[in-house]
Amino acid sequence: MIALALQTLLLLGLSPLVTGAIRLGKARLQNRRGPPLWQPYADLAKFLRKDMVVSEHASWIFSVAPYIVFVTALLAGLMVPMVSVAAPLSLFGGALALVGLLALGRFFLALGGLDPASAFGGMGSSREMTIAAIAEPAMMLAIFTVALAAGSTDLTRIVQTTLEPAWGLANPMHVLAFAALFIVLLAETGRIPIDNPATHLELTMIHEAMLLEYSGRQLALMEWGASIKQLVLMTLLVNIFFPAGIATEITPTALGAGLLAYAAKLLLLSTAIVLVETTNAKLRLFRVPDLLSIAFAVALLALFSTFLFP
Amino acid sequence: MTAPAASSAIAAQLIALFAVLMLVLQLLLVGQRMLLTSIRLFALQSLFLAGIAAVIAFFHGAFHVFVVAVLTVAGKVLFLPWLLDRQVRRMRIGQEIEPLLNFPTSMVVCAALTLFGYILARPFTALERLGNNTLAVAMALVLTGIFLMFNRRKAITQVLAWLTVENGVMLAAVALTTYGMPLVVELGIFFDVIVAVMVLGILVYRIRDTFASMDTSKLRQLKG
Amino acid sequence: MDALGALLLAAGLSGYVVAAAAGLLTARRGAIAVTLSFGLGAMAAASVGAAAMVSLLTHSAGNDATLQLLPTMIPSLRFSIRLDPLGAFFAVIVSLVALALSIYSVGYARHYVGRKNVGILGAFFNLLLLATTLVFLADNVFFFLLAWEIMALSAYCLVSFEHEVDEARSAGVLYFVMSHIGTGCLILGFFLLSQAAGAYNFASFHALGEKMAAGPRNAAFLLFLAGFGIKAGIVPVHVWLPAAHPVAPSNVSALMSGVLIKTGIYGLARVLFDFMGTPPNWWGVTVLALGTVSAVLGVLYALMEHDLKRLLAYHSVENIGIILMGLGASLMFLHTGHKALAALALAAGLYHTINHAVFKALLFLGAGAVLQSTGTRNMEEMGGLIRRLPRTAFFFLVGAVAISALPPLNGFVSEWLTYQALLRGFDATPSLFRLMFPLAGAMLALTGALAAACFVKAFGITFLAQPRSEAAARAHEVGPAMLIGQGILAGACVLLGLFPVAFLTLLDPVIAQLAGHPLAAELSLAGGLVLSSGAAGPGTVSTLGILMTGVALLSLPLAWRLVHARREQTRTGPTWDCGLAGLTPRMEYTATGFSKPIRMIFKALFRPHREVQREYDFSPYFAKTLRFESHTEEIFQTRIYRPLHGFVLRFSRRLRALQAGSLQAYLMYVFAMLLGLLLFAL
């Protein structure tokens, strides 16, 4: 129970920080000053206190969607080992439930986009569902490959397996699965080669287009949910592939060291995302399948390499 | 060097990693339409090949393989990419045109070819000196390289594809024989490649002069 | 089975007959016929369902209840039924769905009163239910085939119920032809089996495959795969399904998509697991591959549809594919002797069978309600129905979440089991065939995500945003009977999703019978609240736990809302319209537009082509009129069936030369045939 509460707090507290860090890093690399690191917190606080304007065409789906997006992201996060190797909800579901929960959130997010009868929202929903659909095989194949090595879809067990010394850092399967999941991460979190999180043009939006009609508390929940989802996927990547430093026992020192290691790893991954976002241009929508097919092929190679290099 | 068993385990892991990275770069080459980036990807792939040679030379004490590594770096990582790069810039062509098969399909084909390479290499695993399936990767490089060659239209990409095939052959040589082929043979192949690329480069230039394009499918117009 | 069970079963089966007769007798007084025949049908379904449930719960191995229905004069045609676990399980499925459908139909069939002969509708509907139940229970080859044919014929009559519509007639004919090709295959297959067994009752066929020679055994496999495959709607023999299911009245569509195609699954399970013994590897490989292809192609074609009922029909192809993935993997594990894994994969397949029956029937009922209140199946003319039909919309949403395999509903659980079986299969198979498992898993992921996209479209375009037509704006909620029917199925979706272990315990005798390895104890953790995928605990999931934790977490934003609600004002305003004079429904995203990215990405499959005609005065950017047409191609129709159809026609034209019309010629044919046969006998 305590672990659950602590991890929930960590998810809630850390996720805006990661979003802010990536934004700041991008700005600095582009020679801009950029918003301060805590800007996302300020945004959330503002949104939470503001009154809402709801579209006259919207139904209850529109109002329910933010809660579902928020809660599913949190639930998914509780299944991933963050600071300690034992994830609080690992009994209730592993990698497959995580994928399912994120999909549930996306389902309602897309419905929320369609609900206010705006063409932009419909376009965003359509594109979001398409990209999610073609990213899914690569994601599942990469997760399958890692799960095969661990003999389990339970994320705690997967991390425990990768912690064992027999798993060198240079294991080819490892590297390939990481590469595939990294591309999927970019797609799932709406990062640059696929979607531009900072765009102001409705026609190029994907994620933002679905949020156009949201305001106030509902917008806060949507934004927060998206941040949490991003944190969850990033945590998945760093802890499965670089589990070093994660706390294997519940003592204050181990947890403290785990937290530090976790923060350092997140920072590294954020830097990688920032670098990708600044050095690449956004892809045309119909070039996205090319990128994701590379992710799929790399995940396939990861699978092959489980018996290529036993 | 510490205990031989541990060091050879590290060597095996490094070789496997580099081999797989060569394969990933091959996939990226298949999925890449900018010519300059393709050339850089090829250079990187060659660098990993040199890395494998260097690892073998270092861990197995076969120092003549170092020569191969150095030559690979000099020729395939630096000289040939520079040459091709200059040519592409001179001809002012940035992009490959639409390939015969679209990228997602190409990816699936490449994955299938990799699997096929593995099946082909399976009977020979016992013969390998490196103790893992480097030969399978080499096979995959050769097969996907040939696939890349006929999937593209620009002569430059075809030259690049041919070079990756050659990388695959080198890898196979390293995997199967005692720490690389005799030095003389390697040197012979190496200079062959350099000369061939230079000849091809001139040829590409000629094709473009004649047809105002680098599209090799235009060569069909040559028949009477 | 005790006397009570037998009584319930007999009462139920005769109840269907009575209900059918009542429909026919009162046909002239429409409203009474509807209430009487469907009401009696509901009672019969409840009775059969209770009997099957009792037999499933109290089953003891090797002690199947048998029953002789009617005395018979014909040798070897015995009207005997046997309630073994497999049959009882499918009888539970058909009865559960039939109960909901009959209640729904009491309301639904009313709108045919005065226009059509509803007595006929009720009679054939009950006849179809009776025949389907008997297919699952028959213990004799001839009885099975008889029930199978009655089922096919009554379904044909129901498909062509609205025979004044061209589409319904041609769909009916297509269904009739395909169905009979399938029956032909089955007859040949059963011929091979009964030749090997020397008897005609199913009990004597058990593990018969071990005794058969490889040739006839493989031939029988292929014949049954084709015969049952046509009924189940496996790609590439699925073409009748998206044609026939949508044109039938919606309660019949629900029955056909929910239950009727499951007779194909039942047949495959019965033959491959019960009769055929340990299968060779390629059987499992074939079934798994066909399943994967069906799943992916089914959902892709579904995405291209904007006819709500056709969309749902294509999803049946997809879900049959998912079921077959479980069955195929199970066959592969039986080959390698991994009984526990085979049991897991089979449980996944059968679980998905009942899940699909429930949510597909639910979705068709929702589509029927929409069709009844708007008068159209075209999604482009709907929209905003969530305000006009709030309860139907809610039930449809439940079905949509379930079919998209999203937690915590039932579709998620059965797909989770399928994933686990595929995952654990990788280490069980030594050959390269094991690569099929992760690849099938990846394709299952693609299928699930595309299904979610498809149901965002189906629900979003149909129920959300502004109404796109007058009819949609004037729609009104359907009556209580129809809502109760949907409510039962929606409740079943929730229960099957939240309490998987309880259901797997019910399924356990079936698994033990077919795979020889009881499973429920291994899969139950924490007193049945957590579902595990095996004894070593390779993966666990608890939909109930997820739901409870989710509700607890929901308290965070809700608490904030309560704290803040006093000071807050929520205003209603127009949707952002770029400063134009206001949004009209014509500016909304359409169903065709929604699926356009998918259409472009998979254009090699769909071969989309479009035609744009624009008329303009001075600049093409200011068009006066614009006509846009876009089509996709069903490559199975254009590449396989149309050429085949043409060939058959041409061939028949040649053969017509034989039909000279002269009696002497015909007599000569008979004589030649006789001579030929005598020569053959020599």
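Note that these values count all heavy atoms, side chains included, but never hydrogens, waters or copies made by symmetry. Just so it is clear: chains get the letters A, B, ... in the order the sequence lines come, proteins before strands, and each one is counted from 1.
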Interface moiety of [X] toward chain C, non-hydrogen atoms closer than 4.5 Å:
X	result
A:Ala58	backbone
A:Ile131	neither
A:Arg49	both
A:Thr8	side chain
A:Phe108	side chain
A:Leu89	side chain
A:Pro289	side chain
A:Trp224	neither
A:Leu155	neither
A:Leu300	side chain

Once you round to the nearest 0.5 Å, how far does [atom1] of [X] lie from [atom2] of [Y]?
X	Y	atom1	atom2	answer
A:Leu114	C:Phe594	CG	CZ	5.5 Å
A:Leu101	C:Leu406	CG	CG	9.0 Å
C:Leu444	A:Phe144	CG	CZ	8.0 Å
C:Arg561	A:Gln218	CZ	CD	8.0 Å
C:Phe602	A:Thr130	CZ	OG1	9.5 Å
C:Phe459	A:Ile61	CZ	CD1	4.0 Å

Measuring only between side-chain heavy atoms, which start at C-beta, is C:Pro574 closer than 4.5 Å to A:Ser55? no
Hey, does C:Lys596 have a side-chain heavy atom less than 4.5 Å from the side chain of A:Ser126? no
Among [options], which has the most heavy-atom pairs under 4.5 Å with chain C?
options	answer
A:Glu136, A:Met79, A:His57	A:His57
A:Ile143, A:Val99, A:Leu48, A:Ile68	A:Leu48
A:Gly100, A:Ala299, A:Ala147	A:Gly100
A:Met123, A:Lys50, A:Glu128	A:Met123
A:Leu141, A:Leu212, A:Leu111	A:Leu111
A:Ala133, A:Gly121, A:Ser90	A:Ala133

Measure across [X] and [Y] and return the closest heavy-atom pair with its distance rounded to 0.1 Å.
X	Y	answer
A:Glu213	C:Trp576	OE2-N, 3.0 Å
A:Tyr67	C:Pro557	CE2-CB, 3.6 Å
C:Pro407	A:Leu104	O-CD2, 3.3 Å
A:Ala132	C:Ala449	O-CB, 4.3 Å
C:Gly539	A:Ser152	N-OG, 4.3 Å
A:Phe107	C:Ala400	CZ-CB, 4.2 Å

Below 4.5 Å from any heavy atom of chain A, which atoms of [X] appear? Answer side chain, backbone, both or neither.
X	answer
C:Phe455	both
C:Leu556	side chain
C:Leu423	both
C:Arg599	neither
C:Leu432	side chain
C:Ser404	side chain
C:Val456	both

Can you tell which of [options] has the highest number of heavy-atom pairs within less than 4.5 Å of chain A?
options	value
C:Cys454, C:Ala452, C:Ala405, C:Ala393	C:Ala452
C:Leu446, C:Val551, C:Asp577	C:Leu446
C:Leu435, C:Leu439, C:Leu583, C:Leu450	C:Leu435
C:Leu531, C:Leu544, C:Thr447, C:Ile598	C:Ile598

Just do the side chain to side chain contact (heavy atoms under 4.5 Å, CB included) check on C:Tyr419 and A:Met140 with the steps written out, would you? CA-CA 10 Å; C:Tyr419 279 123; A:Met140 198 50 92; 3.8 Å; yes
Assess whether side chain to side chain contact (heavy atoms under 4.5 Å, CB included) is satisfied between A:Leu91 and C:Ser542, documenting all intermediate values. CA-CA 7 Å; A:Leu91 184 65; C:Ser542 166; over 6 Å; no
Residue that, paired with C:Thr570, satisfies side-chain contact (heavy atoms from CB on, under 4.5 Å) out of A:Val54, A:Val53, A:Asp51: A:Val54
For C:Phe433, is the CZ atom crowded, meaning more than 12 foreign heavy atoms sit under 6.0 Å from it? no
Stepwise side chain to side chain contact (heavy atoms under 4.5 Å, CB included) test for C:Cys578 and A:Phe120: CA-CA 10 Å; C:Cys578 298; A:Phe120 301 128; 3.4 Å; yes
Less than 3.5 Å apart, any donor N or O on the side chain of C:Thr575 or A:Glu56 sitting next to an acceptor on the other? no
Test side chain to side chain contact (heavy atoms under 4.5 Å, CB included) applied to A:Thr153 and C:Val541, step by step: CA-CA 10 Å; A:Thr153 51; C:Val541 77; over 6 Å; no
